[in-house]
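To start, the structure under review is shown below, and the notes come after it.
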Amino acid sequence: TGSQSFTEAGGLPAAARVADVAVRGKAAIVLAMPERVFVSADGARSFEAVKLGPIGAHRAAVARDGALVVTGHRGNVVW
């Protein structure tokens, strides 16, 4: 596989290790490791950290109804 370069987005720490990303229109959710979640509503130009309890997050996705979801071993969080 190849690699890609990305422009740094505001609000994401430089040391963030991105594990998964989900995008719907101008909304985006980033799952970083260790377990941290960031959301964007402006086309991923800037992100805001979301406070979550530990849910064992392992996936960011777009649900069938269009909601952004972080899936975890102990539950899911929907935006």
Donor-acceptor under 3.5 Å ([X] side chain, [Y] main chain):
X: Ser40; Y: Ser46; value: yes
X: Glu35; Y: Pro54; value: no
X: Asp20; Y: Leu31; value: no

Could you go through Ile55 and Val77, starting from their C-alpha distance and side-chain angles, then the distance that decides it, and tell me whether this counts as side-chain contact (heavy atoms from CB on, under 4.5 Å)? CA-CA 9 Å; Ile55 62 167; Val77 180; 3.9 Å; yes
Cluster question for you: counting only ILVMFWY and a side-chain heavy-atom cut-off of under 4.5 Å, with indirect links fine, are Leu52 and Val69 together? no
Kindly work out whether a path of hydrophobic side-chain contacts (I/L/V/M/F/W/Y, heavy atoms less than 4.5 Å apart) joins Val21 to Trp79. no
Show, in sequence, the C-alpha distance, side-chain angles and deciding distance for Val62 and Leu68, and conclude whether the side-chain contact (heavy atoms from CB on, under 4.5 Å) test is met. CA-CA 5 Å; Val62 179; Leu68 295 175; 3.7 Å; yes
Going by the rule side-chain contact (heavy atoms from CB on, under 4.5 Å), which residues pair with Ala61 if we only count those two or more places apart in sequence or in a different chain?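 By the side-chain contact (heavy atoms from CB on, under 4.5 Å) rule, Ala61 matches Arg59.
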Minimum-distance pair of heavy atoms, taken over all atoms of Ala49 and Arg36: CB-NH2, 4.5 Å
Does Val30 form a side-chain contact (heavy atoms from CB on, under 4.5 Å) with Val37? I'd like the steps, not just the answer. CA-CA 6 Å; Val30 170; Val37 175; over 6 Å; no
What residue among Ile29, Leu12, Val39, Asp42 forms side chain to side chain contact (heavy atoms under 4.5 Å, CB included) with Phe47? Leu12
